[in-house]
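Report on the structure given below.
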Amino acid sequence: MAGLPEYLQPLNPEQLAAVTHEGRSLLILAGAGSGKTRVITTKIAWLIREKKYEPESILAVTFTNKAAREMAERARAIESRCERTMIRTFHSFGAWFLRRNAAALSLRSDFAIYDDDDQATLVKAMEGDGQLRDAQTLARAISRAKDKAMAPDHPELEREFTERAFRRRYAEYEKRLRATGNVDFGDLILLPARALEADEALRRRFRQRFRVILVDEYQDTNVAQYELLRALAGPDTYVCVVGDDDQSIYRFRGAEIRNILSFPETFPGTEVVRLTRNYRSHQAILDVAGSVVSKNSGRLGKDLVAVKEGGPKPTVAVLADADEEAPYCSRVAERRARAGGSWADVAILYRNNAQSLAFEKFFARRGIPYRIVGSVRFYEREEVKDVLAWLQLASNPRDEVAFRRVVNKPSRGIGDTSLDCIVEAAVDTTGDLVAAAEAARESLKSAKTRNGVAAFVAMARGFAELLGSGSPDAAPDADPFDPAGDSPRLDPSLPKLSVVVERIAKDSGLVEYHKAQDAVAATQKVANIDELINAATDWPANREGLAAFLETIELDRRMANADEASDAVTLITMHNTKGLEFPCVIVTGLEQGLFPREDDSGDDLEEQRRLFYVAATRAKDELHLVCCRRRLYRGRPMENPPSIFLGEIGKGLYETVGGALHAGAAATGPWKPGLAVYHDDHGSGFVTAVKPAGEAGVVVSVRFETGRVLQFFPKYTSKLEIFGKNH
């Protein structure tokens, strides 16, 4: 591009149009791998160099400290005066704003910022005798309300939040928080927005200060951040937002996709520039990702074009069951390594953290180095260790570590003093902590503690009985191990160990304990417990089976921790891959009911399509999609049809490995809206919609008497039966 300044010459035509745009407002729709960071940093330099804006008059906000640092460094590399530009995260800007205007807001300028633990502590003090877990739940609900820009007097508050007496308790929390003179993280956004809306002089001053506002990752903004932007932007403010509606995947954190979809209406006269040249992936990968996300109605629309030429078609592997998934992924990784690549080239993506267990176990035994991104290893997770502690105590009542972990979880009123007395008594006698607890019960002063100890002892005795009587050290009448000596035989007359694990997880109160958190964390934690139940399926429900199971876990854990090599396969959830890229990506668990979930519909289903799009576009060279016909759920095999997303991929865009993805040509058959149906698991309902699903036939939406609307592939399920016309 002759005649352009040197720093603008590397830009493609769309990037250049975005950088040099002038007007009132601009929406840059930046597709995956399209160079959005280059655009936004170059635009800051261009505004200073060419348009003569004072650096201090430009405000750029993003979401993470890492992104803010990268933006500042890259902008300064082009134009040194950019160091005077305010480039911050949303929350950092909010803190700066509040400290500069603390007196007007009845705050001290040296206020502290309460984190999640501080909020929960304040709530617990406010609630009196409530448990910490309940306080944490309420504190999280208050944070979500602030993200939605809802004060205690908001008229829609009780429709959005069903927590007991939420309006009153939220108001009391605010009163207590204001009395401390401090703020929480939600306040860092909401208080500046409210102050600007209420104070015309303050609003005018900040609009005069910031003549340009740029927002990165705009698709991830919540309602409060949107309102802050509206309050900061005056009639003469140049507003430029950069984002991708197809990568909005944080609705569960409060992100509101309507912010980006409605931006042109919010700021009339907005021009839209689409960055569609992708510098990361081959076209075949982009076509697969695009064909799925294009089924969403809530999008502004764009088609990505690859700059890189060539590349293999993505692969869809249809496996008989989940036992084949880890071996298949290992073969892909090994093939890549043998062909001159490295282990680090490969990333295995999954929907839930619990799905990492199969890969952790198999890779450790196979000697494949791996690293887990964004979460702790499966056996190190709190909820998994809690259930394992109960199993260890059932196997060995002298296990003090296991005893201390579960004796008061959930709370049974057993304080540290009582706990220490029980442990000391056990040490002085047989070492049996359960027996010591039972013996010490009557000497405890508090009735609540006595009752708690009695409940604990009864559970511990009951769990031990589930494994049969007799000492685990006693020699069995017959060799319980198979001829290979690898594991105890699974006697058909005995229940599977998974049945015992499930019973212990539920009866101990741990499932409900971990459910009593915010919805996202609770779902993941319960899924991890379910995956532990699945892992116990191959052992018998007796003491020998439990001992072998626990030994296997410890060996897996030690083998996994033996080598934390940097050259390792990456195990990561789809959500955590945002902003990352890998030469070879394997997306696993593409089955209906897992990804997407059975109850995903409407906006939820559209977000899951965007999540698929994000996952697929992390791949630079190879994309592998994996589905399994059968997968264990709480120790029981479940038949699952392939994900609806696989049915939405255009014909000829992928190669199939393993079994056939589709059973044959599509046919709508007898499925029509209005049909009365019955499902073995969900009961009676009626068909609300029938939609084509490519070669997968049709997808049928059913509203059940419970009110749930679920989707099914009739071709892949025998549980959905037609009973006639609905009246």
Side-chain angles (χ1 to χ4, degrees), residues 284-285 287-289 291-292 295 311-336 346-352 354-359 362 534 571 574 584-598 600 608-609 611-613 615-616 618-619 622-633 636-667 691-700 711-720:
I285 294 170
D287 289 343
V288 165
S291 64
V292 173
K295 302 300 189 294
K313 283 185 179 181
T315 297
V316 174
V318 184
L319 308 179
D321 58 48
D323 288 342
E324 297 182 8
E325 195 170 44
Y328 173 81
C329 293
S330 75
R331 291 195 296 273
V332 172
E334 288 167 339
R335 184 170 66 244
R336 179 92 191 181
V346 180
I348 298 174
L349 280 55
Y350 36 79
R351 180 65 181 81
N352 296 317
Q355 291 169 252
S356 74
L357 175 59
F359 302 108
F362 189 84
N534 292 341
L571 304 180
M574 298 179 202
C584 176
V585 167
I586 309 172
V587 184
T588 63
L590 279 162
E591 299 118 43
Q592 201 68 13
L594 182 58
F595 183 48
R597 295 175 295 252
E598 280 190 351
D600 283 332
Q608 296 308 302
R609 281 200 186 93
L611 185 58
F612 175 91
Y613 172 86
R618 300 309 94 193
E622 296 180 41
L623 174 63
H624 301 265
L625 308 174
V626 182
C627 71
C628 303
R629 295 292 191 189
R630 289 181 299 280
R631 190 178 293 273
L632 289 180
Y633 177 69
R636 302 164 184 84
M638 298 287 288
E639 297 278 346
N640 297 308
S643 168
I644 184 177
F645 302 148
L646 295 177
E648 292 174 344
I649 300 174
K651 293 181 180 180
L653 295 182
Y654 60 86
E655 304 286 351
T656 303
V657 174
L661 178 61
H662 307 302
K691 296 180 181 179
E695 293 182 2
V698 294
V699 60
V700 176
Q711 295 180 319
F712 303 91
F713 287 97
K715 185 175 292 185
Y716 300 117
T717 181
S718 60
K719 293 185 176 182
L720 190 65

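Here, residue 1 is the first one in the sequence, and each next residue gets the next number. Keep in mind that this is a model prediction, so the values were computed, not measured. What's counted below: heavy atoms across the whole structure, side chains too, no hydrogens, waters or symmetry copies.
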Quiz item: Would you find a donor on one side and an acceptor on the other, under 3.5 Å apart, between the side chain of Asn352 and the backbone of Ala354?
Solution: no
Quiz prompt | Side-chain donor/acceptor of Asn534 to backbone N/O of Leu632, under 3.5 Å | solution = yes
Quiz prompt | Minimum heavy-atom distance between Phe359 and Tyr350, given as atom pair plus value | solution = CE1-CD2, 4.3 Å
Quiz item: Where the side chain of Ser643 meets the backbone of Gln592, is there a donor-acceptor pair that is under 3.5 Å apart?
Solution: no
Quiz prompt | Closest heavy-atom pair and its distance - Ile649, Ser291 | solution = CA-OG, 3.5 Å
Practice problem: Identify the heavy atoms of Ile285 and Ala619 that sit nearest to each other, and give their distance. | Solution: CD1-O, 3.7 Å
Quiz item: Between the main-chain N or O of Gly589 and the side-chain N or O of Glu325, is there a donor-acceptor pair closer than 3.5 Å?
Solution: yes
Practice problem: Measure the spacing between CD1 of Ile348 and SG of Cys329 and express it to the nearest 0.5 Å. | Solution: 4.5 Å
Quiz item: Once you round to the nearest 0.5 Å, how far does CD of Gln355 lie from CE of Met574?
Solution: 7.0 Å
Quiz prompt | Sub-4.5 Å side-chain heavy-atom contact between Val657 and His624 | solution = no
Practice problem: Supply the atom-to-atom distance Asp287 CG to Tyr654 OH, rounded to the nearest 0.5 angstrom. | Solution: 14.0 Å
Quiz item: Does a side-chain heavy-atom distance below 4.5 Å link Thr315 with Val332?
Solution: no
Quiz item: Can you name the closest pair of heavy atoms from Pro327 and Ser330 and give their distance?
Solution: O-OG, 2.7 Å
Self-check item: Nearest-0.5 Å distance that lies between atom CG in Asn640 and atom CG in Asp321
Solution: 11.5 Å
Quiz item: About how many Å separate CD of Gln608 and CD1 of Ile644, when rounded to the nearest 0.5 Å?
Solution: 12.0 Å
Quiz prompt | Any side-chain heavy-atom pair of Val318 and Cys627 under 4.5 Å | solution = yes
Quiz item: Quick check: does any side chain N or O of Lys295 sit under 3.5 Å from a backbone N or O of Phe645, one acting as donor and the other as acceptor?
Solution: no
Quiz item: Of the non-hydrogen atoms in Pro314 and Leu653, which two are nearest, and what is the gap between them?
Solution: CD-O, 3.5 Å
Quiz prompt | Asp600 CG to Leu611 CG distance, which is reported to the nearest 0.5 Å | solution = 10.0 Å
Quiz item: What heavy-atom pair brings Leu646 and Leu590 nearest, and what distance separates the two atoms?
Solution: CD1-O, 3.8 Å
